[in-house]
Amino acid sequence: GTFTKSFGSVGGYVAASAELVAQLRRHASASLYAPAMSVPATQQALSALRVIMGDNKSAGDLGQRKIAQLRRNSNLFRKGLLEMGCRVLGDIDSPVIPIMLYHPEKICNFSRACLRRGLAVVVVG
């Protein structure tokens with residue numbers, strides 16, 4: 001998983017068996033050569049998780065309200081894309097909404113058009 005998009009931080013994690021994690025630590029180049037997450041980045045991810053889980057008393061139910069709003073916004077956006085005729089992949093209720101553009105020249109134009117409208121997208125091509 002990633003902390004970059006999910007928690008406004010950097011880095012990521014592997015959710016796997018202890019055996020697989022140990023194997024990755026021994027053999028994955030990212031584990032061998034990359035620096036560890038910085039303390040501020042780690043704290044950012046932990047703080048976000050605490051708010052989402054309701055463990056931060058000063059935030060109250062902010063995390064649950066934000067997750068519910070993200071779900072509503074994502075589903076509304078997905079519905080609009082489908083109504084426009086886009087080929088949308090991924091799961092309902094997920095804030096990750098992959099769409100297929102098929103033509104490489106459309107990728108850059110799509111990214112720029114979204115940026116002009118204040119919409120954050122990650123393009124892969």
Side-chain angles (χ1 to χ4, degrees):
T2 175
F3 293 131
T4 306
K5 293 178 278 305
S6 304
F7 302 107
S9 184
V10 297
Y13 61 92
V14 174
S17 68
E19 181 181 334
L20 179 57
V21 170
Q23 183 79 1
L24 289 171
R25 284 184 176 150
R26 282 192 300 276
H27 299 289
S29 61
S31 178
L32 297 172
Y33 301 111
M37 285 176 65
S38 69
V39 172
T42 303
Q43 184 59 54
Q44 169 63 29
L46 286 171
S47 295
L49 281 168
R50 287 185 180 119
V51 169
I52 290 168
M53 293 169 48
D55 292 344
N56 181 327
K57 301 303 178 203
S58 65
D61 69 342
L62 176 65
Q64 292 305 308
R65 287 186 286 126
K66 290 287 188 181
I67 295 293
Q69 183 65 51
L70 178 60
R71 183 179 302 114
R72 287 190 299 272
N73 289 349
S74 298
N75 287 336
L76 180 64
F77 183 60
R78 176 183 299 278
K79 180 182 174 195
L81 289 170
L82 289 168
E83 288 172 357
M84 289 173 36
C86 293
R87 176 149 186 245
V88 181
L89 307 176
D91 298 318
I92 302 242
D93 291 341
S94 173
V96 178
I97 305 172
I99 64 171
M100 301 301 292
L101 298 177
Y102 296 109
H103 300 288
E105 66 273 7
K106 289 182 179 179
I107 295 171
C108 186
N109 292 335
F110 175 79
S111 177
R112 288 183 180 142
C114 289
L115 181 61
R116 282 193 303 271
R117 291 167 175 83
L119 182 62
V121 298
V122 176
V123 295
V124 179

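These numbers were taken from a predicted model, which means no experiment stands behind them.
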Report the residues that fulfil side chain to side chain donor-acceptor pair (under 3.5 Å) with S111, sequence neighbours left out, ordered by chain and then residue number.
->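 None.
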
Q69: what forms a side chain to side chain donor-acceptor pair (under 3.5 Å) with it, not counting sequence neighbours?
-> R72, N73

For [X], the rest of its hydrophobic cluster, which grows through side-chain links under 4.5 angstrom:
{"X": "L46", "result": "none"}
{"X": "M84", "result": "none"}
{"X": "L70", "result": "none"}

I'd like a table of donor-acceptor pairs (distance under 3.5 Å, sequence neighbours excluded) in which one partner is a side-chain atom from residues 85-101, with atom names and distances.
unit_1	atom_1	unit_2	atom_2	d
R87	NH1	Y102	OH	2.5
D93	OD1	N75	ND2	2.6
S94	OG	V96	N	3.1
S94	OG	V96	O	3.4

Nearest 0.5 Å please: distance from the CG atom of L49 over to the CD atom of Q44.
->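 Rounded to the nearest 0.5 Å, the CG-CD separation comes to 10.0 Å.
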
Kindly list each side-chain donor-acceptor pair under 3.5 angstrom involving residues 12-28, sequence neighbours excluded, with atom names and distances?
unit_1	atom_1	unit_2	atom_2	d
S17	OG	L20	N	3.1
Q23	OE1	R26	NH2	3.0

Tell me which donor-acceptor pairs under 3.5 Å the side chains of residues 54-68 have, and how far apart each pair is, sequence neighbours excluded?
unit_1	atom_1	unit_2	atom_2	d
N56	OD1	S58	N	3.1
N56	OD1	S58	OG	2.6
N56	OD1	A59	N	3.3
D61	OD1	R65	NE	2.8
Q64	NE2	I52	O	2.8

Among all residues two or more places apart in sequence or in another chain, which pass the side chain to side chain contact (heavy atoms under 4.5 Å, CB included) test with L119?
-> F77, C114, V121

Please collect all salt bridge (Lys or Arg N to Asp or Glu O under 4.0 Å) contacts where either partner lies in residues 94-122, sequence neighbours excluded, each pair once.
->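 Pairs touching residues 94-122 that pass the test: none.
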
